[in-house]
Amino acid sequence: MSEEKYADYIEAVIKECPDATPAEVAEAFAKYEQEFYIPPQDAMRSVLRRFKSGTSPTPSRSTGSTAQRETKKVALLTELTGDDRDVEIEVAIMTHNVRDQLIRGEEKKIAFGFLEDNPWEENGKRTRWDFKDWGPHANLAAGSIVRIEGASVNEYNGKMSLNINQSTRIVVLKEGVPTQVSSNDPIEINDVPADGYICVVGRVLASRPDQIHRKDGSGSIDVVRGRIADQTGTIGFLSWEPFEHEVGTLLKIDGAQVRSFRDTPELNFGRTTRIEIFHDAQFSDLDTLSQTTMQTISSFRDGSRDVDAVVQITEWTKRSFTRDGEEKFLWSGQVADPSGRCRMSAWEELPIDENALPITVKLSGVRIRAWQGIPDITVDKADQVEILDSPPWDEGLDLTNHAVDVSLTDLVAGPSRVGIQSTGMVVSVREDSGFIKRCTECRRVLRDGSCADHGANDGNEDIRLRLVVDDSGATTAVLVNKVATLSLLGMTEEAMHGAVEDKGDLGFVQHLREQILGRTVSVSGRSIVDDQGAMVLCDGIEVVESDSQMRASELRVLWGWA
Amino acid sequence: MESRRIQRQPAHLLLASEFGSSTLHEKGSGEYDPSFVITKLGAKVNRVVAAGLLERLELRETSNGSTLFQGQLRDPTGLHYFSVGDYNSEMMRELSHQWVERIDDGEPLLVMMTAKSRWYQTDEGAVYTSLRPEEACVVSREVYANWLLDACESTMKRMNAYTSSLEVEPTMEAYGRQKLDTSLLAARNHYGEIDLEPFKLNLMQALDIAEGRIEAATTAPPVMSLPTGEEGSEESGAELTTFLRQAIQQLDQGEGVDFDTLLKNAAARGHLREKAESIIEELLESGQLEEPRFGWFRLASSD
């Protein structure tokens, strides 16, 4: 159809570039039009240039996105790369939804869903991708198996999907059964992935109508927000369609889309989501589920809402700030439970006597924010906090200095945490370990006597170690503070000055390596985990001494070689 | 969106034999993608913590005028080959200079190093692995022994994973379900069935050393040339006899121990292969050993 649409232009291009085929020229025009909104007359020069350069005998792949012009015929999605532009593949259309989208002020229908490759093999291995059909093609339907000719691959944030363009040909190989909507087996809430379409069975814990205001001010959308739970956990949901199930109802929800806000996944119910009442007498009742929804500090994720937890407040102070010329108050402090420590902030005054700390409180429906990855509980209303007489854990536990043992593997995979302790092998002592100068303004480490923000200054002297510690395939940077460094080395600051003068900066680093490289250490402090990996800000480090003969004998017994 | 940063690769604790026998290599397509060596036990290695006796370290002048140190690090299971060149830190080169002198003075040095794995293939197709040290230091025997045990434990983990993988259908999904590394699948596809026995022997040797049963690690490197003095060879002959008997006793699981395993073990402890062969022959003739089937030996039942 697009060949007809662009016929005059195609003819002109073919005249100049006899090697080009009408189909690929048409696709080029379609691509300009659909992906960049460039009409054929304006795209003409670019298309010509592209096909002219393509007439040279050795097609160069270095011309960026326009390089791939030959139809790439593949059997599996995994054979495709992010810059494939003209793809032919046979797939099964698993879901197919049509929606209206405003493109350049014009209401357009587009279709989306997901498809799977390897459609003919029963129970074979299938790869699943999202697709978008910009046609949309009338012969594309859920449940059918089709050959797609001339689709392009889209790669965004490492996720691959298929763009079916207006010029793409769809050949239906097997008609779909309209009633057959892909039904996934229900998964446990604890196993909900960060994105994708899933099916869960859960009980409604909370539900309330809400409105989402369009950012462009063009109005608002009525939605329902809430939370559902099963034995493994709870998850928030957002329904774009009317949702009238009462709290306590057990539901099977198929085709819910998972989206993640910050680190917290949330279920989205839309037009294609099927929600039905589910009957299972064995399923936990509301009371039991509410009990299990209690979270611990170690499980807090940035962006969570409706969180229930019992924590102990160990520090609490009132702070004031001015906003819009008005003085406002904020209460904040440190809290802890046996799984770790974090911060808490309240926007209303809580009935807490700062002299009676620690105080144990039960929190209901609070929000979790995170700063530098460390969770910060936000209390919006004082009635979210209930003071308990005693903690539900051993009262003798001193949580202010309590360090929770976490394996390095869990530490690296988990959220940022305060009050942890972990063990691993020192695999690197960085050359900038030892004496450093910090900016007098911002405490950042000076490079060549100069701070990135505050320029050259004399700086304040500090001591730190920069290490890398590994364990079982997990790796973390460790920054050891002054007190812990001196204690590890068994030195005073003066003695360390002497040692550095004696050996030189690098000589001193080598001296450090002789003492700790390849050694197993236990580090305590707080962890920051982000895209760049994990880092432990360490306020205590010790070399773990062990008796090799004993260990060897133990291993012999363990392995049955005694 | 910020591009994904290259994250630091964790270090593997590897005994020399596992690393040295690797012939599988993996590298992503991107310019900065890390490169890996995949061992027979499925460890996917970009960075290694190795330790052992610094057996050789020599300074070479290369044709283009740069300097290159080449060395060997011996652990109970074999040798790591490493090189330190101009691409290394000043510290590492300075250290190499010092160590060359100390080795020339005959000082035994136990060395611990973190290093990047290297891989190259000759024109004939033979594959060699080697190390490029990043940081290194001289360690005490006790530290070395503990490292050995750490390395043994991590080797054992991989051996166990390998054993359990034999039951698993060789597909990515099946491995994923069983929480097995996909690099183990790559290893299985590349190396085929492997014999765990040599690895097990290596661990036994390493345990011996960690327990202080063998002085091998802190004495001078074994001389691998033909024996010159009668005296020396007699002494090592007695030692070798004792060792072979011990090894057979330890390794025999009913069917005896095969010839190759014994020789490998003897060689790993610095004994000459020919010598070991002749001693096995002697023991057999004197009736101390039996050969229940060709090439398999066990201690005579009269013991």
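When reading the values below, keep in mind they use all heavy atoms of this one structure, side chains included, and skip hydrogens, waters and symmetry mates. So you know, we letter chains A, B, ... as the sequences are listed, proteins then strands, and number each from 1. The structure displayed is predicted, hence computed values, not measured ones.
- In this structure, chain B has no heavy atom under 4.5 Å from any part of A:A477.
- Taking the charged nitrogens against the carboxylate oxygens, A:D117 and A:K125 have no contact shorter than 4.0 Å, which rules out a salt bridge.
- Separation of atoms CD (B:E169) and OG1 (B:T171) is listed at 4.0 Å; rounding is to 0.5 Å.
- The aromatic rings of B:H97 and B:F69 sit perpendicular to each other, their planes meeting at more than 60°, with 30° as the lower class boundary.
- Ion pairing between A:D432 and A:R464 holds under the 4.0 Å rule for side-chain N and carboxylate O.
- For A:E545, no part lies near chain B; criterion is any non-hydrogen pair under 4.5 Å.
- For A:V429, the parts sitting under 4.5 Å from any heavy atom of chain B are the backbone and the side chain alike.
- Using a 4.0 Å cut-off between a side-chain N of Lys or Arg and a carboxylate O of Asp or Glu, A:E79 and A:K72 do not qualify as a salt bridge.
- For chain A, no part of B:M172 is nearby; none of its heavy atoms comes within less than 4.5 Å.
- Heavy atoms closer than 4.5 Å to chain A are found in the side chain of B:S89, but not in its backbone.
- Neither the backbone nor the side chain of A:T476 comes within contact range of chain B; no heavy atoms are under 4.5 Å apart.
- Most heavy-atom pairs under 4.5 Å with chain B: of the set A:R551, A:Q549, A:E514, this distinction falls to A:R551.
- Look at B:E18 and B:K40 and you find no salt bridge, because none of the NZ, NE, NH1 or NH2 atoms lies under 4.0 Å from a carboxylate O.
- The aromatic rings of A:W559 and A:W561 sit perpendicular, their planes meeting at an angle over 60°, well past the 30° parallel limit.
- In this structure, B:K44 forms a cation-pi arrangement with B:F36, its terminal cationic atom sitting closer than 6.0 Å to the ring centre and no more than 45° off the ring axis.
- Interface summary for chain A: among B:S154, B:A11, B:A145, the most heavy-atom pairs under 4.5 angstrom belong to B:A11.
- Between chain A and the options B:R47, B:E134, B:M156, B:E173, the largest number of non-hydrogen pairs under 4.5 Å is found for B:M156.
- In this structure, A:V87 and A:L80 approach most closely via the heavy-atom pair CG1-CD2, 3.6 Å.
- Residue B:K157 touches chain A through its side chain alone, counting heavy-atom pairs closer than 4.5 Å.
- Inspection of the A:S522 and A:E542 side chains reveals no N or O donor paired with an N or O acceptor under 3.5 Å.
- When each of B:C137, B:A136, B:A43 is checked for heavy-atom pairs under 4.5 Å with chain A, B:C137 comes out on top.
- There is no contact between B:A206 and chain A, counting heavy-atom distances below 4.5 Å.
- If you measure heavy-atom distances from A:M550 to chain B, you find no contacts under 4.5 Å at all.
- Looking at B:L95, the atoms closer than 4.5 Å to chain A (heavy atoms on both sides) all sit in the side chain, from C-beta outward.
- If you measure heavy-atom distances from B:E153 to chain A, the contacts under 4.5 Å come from both the backbone and the side chain.
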